Amino acid sequence: MPDTKPVRVRMAPSPTGFFHVGSARTALFNFLLARHSGGTFVLRVEDTDQTRGTAEYEQVIYDALDWLGLFPDEGPKQGGGFGPYRQSERFETYATLAEQLLESGKAYYAFETSEELAQMRADQAANKQAPRYNGAHRDLTAEQIEAFRAEGRKPVLRLRVPEGETRFDDIVYGSITWKNSEIDDFVIAKSDGGPTYNFACAVDDHLMEISHVVRGEDGLSNTPRQLLVYQAFGWAAPIFAHLPFLLGPDRKKLSKRNGSVNLLDFGTRGVLPDAMFNFLSLLGWNPGKGETQEIFTRQELVERFTLEAVNKAGAIFDEERLAWMNAQYLKALPMEEFLNLVRPSLEQYDLSDEAYAHKAVEMTRERLHGLPDIARGDDAAKYYGVANFGNGANYFFSDEYPMDAVGAAKHLTPENMALLEKLTEKLEALNSFDAAAIEGAIRAQSAESGVKVAALVHPTRLVVSGKTVGPSLWELLEVLGRDRVLRRLKTENIQ
RNA sequence: GGCGCUAUCGUCUAUCGGUUAGGACGUCGGCCUUUCACGCCGGUAAGACGGGUUCGAUUCCCGUUAGCGCUACCA
């Protein structure tokens, strides 16, 4: 590593109203690289498009980054020595620099209207030609420029792309070469004076002394254009590393059309930030060397991460695997934290008996799914996660809980109800209402009535919880306590 | 259309010319058991296709096919 320049990476989202998980993955890899190399993680807001929302949408970016735990070292909020960090506040810089290019002859005015350009492209398409700016205004004379101005036309500034080819070494994709003839004289300054993406991006990356441009695969095609801007200014280019896309189940670029893409929605659904961090880091990257470990702490990830180990092929965002991974983290979470996590879904209940609530949550937690998806049609009684934890623990806190209809039809038969009456008497007679005694009573009743233990267990569980599944029955009854159990058994709340 | 990129089990991936192609998710079967879940054990399943290079290719090269991306006064 002869390169001793300090590592400075950036995440450059545009405020669009929600934070895409793909952007989160890109931000994460930048963050990992910065922390791994003791570098700086910069947040730059690309809000040059005035037609899109900005102010309130910017907050979404902070919320998302905070949630995932990716705290920028420099950015609009935290400041830094390379600000401002909002492109909308850097227009003068772009204008000044674009002007420089105009004066040096590296850029020129072009006066075509949008309509004329659209027509030009249509003609090219009709002639099966590549739609590219034809360079008609490349060498306008001062008189011609004045004439266009007199017409009231507002010019754009186009970069005069030289002959030859542009190549660069991408850390992930290797050597990439483009013929400059494939790149037209693209616009660097719009007619309203604002910069275009490729220009602003190159200018900012240079001025902010970004050492590694780590971004999505779609940036690959834009890189030659940006390199041309560096070249026009005579600037040294940064190192590029493009990341393969995150794909939907249909193998198309992940979007709202083919899946959940809002990072914060996963949090709402009960995904732990640590789990998402771990999951995302393993999409398109892995420690290699035959490593079979799947669960890594943030620190382990920071230590092992290298751009060289990033894959080239796109990766499908598999929610099943996310669910599994989230479950791993959920199980390892200290009870106190877990309790706070599920508290919102239990808000309608009285949790003042802390010891009881603690026990109820603990018993229910062992059965939760990593990322429930009721919409998929799963049995809500079986699959629940953090977000709808209350559905799995409702019966602990209220006598009003839904009765599983299928289970009731199967187990709450007249014969079984008669058995339950006898069992209820036995339970009522118990001196100590503990698991061992309860089990003893149920087994005794089983033997006495000549039925299998299951013939008593299932109906009892149904009546006291409304569910066909749940914790060990003896322990469950002990925790629920004599009062609740007997009350429910006697009420036969089966509807 | 042009240009660019990609291609190992259904999915995420390991492999840096020689392996019974490994792990994980999912799935299937079994164990545990009062149910479900957990856990444990076991099974299933892959180098897109065709050419080269080589003693030997999943691995290197070329082509085909497929997918994706760029081709805006969006970012």
Side-chain angles (χ1 to χ4, degrees), chain A residues 12-14 16 46-49 51-52 87 110 112-114 117-118 121 124-125 128-133 154-158 170 173-174 176-179 181-184 186-192 194-198 200-201 216-225 242 244-245 247 249 251-253 279 282-295 311-318 320-325 327 331 364-369 379 381-383 407 411 439 442-443 446 452-458 460-462 467-474 476:
Chain A
S14 58
T16 56
E46 307 216 324
D47 54 353
T48 60
D49 186 357
T51 64
R52 296 187 188 178
Q87 290 192 326
E112 290 92 345
T113 62
S114 300
L117 291 173
R121 279 191 286 271
Q124 289 168 329
K128 300 208 169 191
Q129 291 176 314
R132 273 196 274 276
Y133 178 61
K154 304 276 274 182
V156 298
L157 231 33
R158 286 181 181 273
D170 188 279
Y173 289 95
I176 308 281
T177 305
W178 286 73
K179 292 191 189 69
S181 57
E182 297 294 338
I183 304 168
D184 61 6
F186 58 95
V187 175
I188 59 173
K190 308 181 203 173
S191 55
D192 65 3
T196 55
Y197 163 72
N198 282 124
C201 183
E217 195 184 330
D218 46 347
L220 213 47
S221 306
N222 286 314
T223 304
R225 264 172 269 275
H242 288 88
F245 279 133
L247 275 21
R251 283 224 155 263
K252 290 196 192 309
K253 187 177 172 183
F279 177 69
L282 259 20
L283 283 180
W285 174 84
N286 74 83
K289 302 254 180 262
E291 179 63 79
T292 58
Q293 187 177 333
E294 306 280 342
I295 305 297
N311 286 135
K312 295 183 177 72
I316 291 177
F317 188 90
D318 182 5
E320 291 283 357
R321 190 171 154 81
L322 206 212
W324 166 78
M325 189 165 283
K331 277 192 297 182
T364 308
R365 159 156 97 155
E366 293 170 30
R367 279 156 190 82
L368 55 64
H369 194 64
D379 183 342
K382 289 179 185 170
Y383 293 97
H411 298 294
E439 177 175 5
I442 293 179
R443 290 199 186 281
S446 159
K452 283 188 282 192
V453 177
L456 288 161
V457 169
H458 293 305
T460 304
R461 180 188 302 286
L462 238 357
K467 303 185 193 309
T468 58
V469 302
S472 161
L473 188 68
W474 349 124
L476 174 60

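First the proteins, then the strands, lettered A, B, ... as listed; each starts at 1. Please read all numbers here as calculations on a predicted model, not as lab measurements.
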*What integer number of Å spans the C1' atoms of B:G22 and B:A45?*
14 Å
*Is the shortest distance from a Lys or Arg side-chain nitrogen in A:D218 or A:K253 to a carboxylate oxygen in the other one below 4.0 Å?*
yes
*So, A:E182 and A:R132, do they make that salt bridge, N to O below 4.0 Å?*
yes
Assign [X] to base, sugar-phosphate, or nothing according to its heavy-atom contacts below 4.0 angstrom with the strands shown.
X	value
A:E112	base
A:P471	base
A:N222	base
A:L283	sugar-phosphate
A:E46	sugar-phosphate
A:V187	sugar-phosphate
A:I176	sugar-phosphate
A:A454	nothing
A:R251	sugar-phosphate
A:T196	sugar-phosphate
A:T460	nothing
A:F245	sugar-phosphate
A:G216	nothing

*Hey, does the side chain of A:Y173 reach the backbone of A:H242 with a donor-acceptor pair shorter than 3.5 angstrom?*
no
*Show the numbers, then the answer: is there a side-chain contact (heavy atoms from CB on, under 4.5 Å) between A:K252 and A:F245?*
CA-CA 9 Å; A:K252 290 196 192 309; A:F245 279 133; over 6 Å; no
*Tell me whether the OP1 or OP2 atom of B:G2 has a side-chain N or O from A:K179 closer than 4.0 Å.*
no
_N/O (side chain, A:T48) to phosphate O (OP1/OP2, B:A75) under 4.0 Å_ = yes
_Candidates B:A75, B:A24, B:U13 - which lies nearest the side chain of A:S14_ = B:A75
*Considering every strand shown, what is the Watson-Crick or G-U wobble mate of B:G18 when both distances are under 3.5 Å?*
B:C55
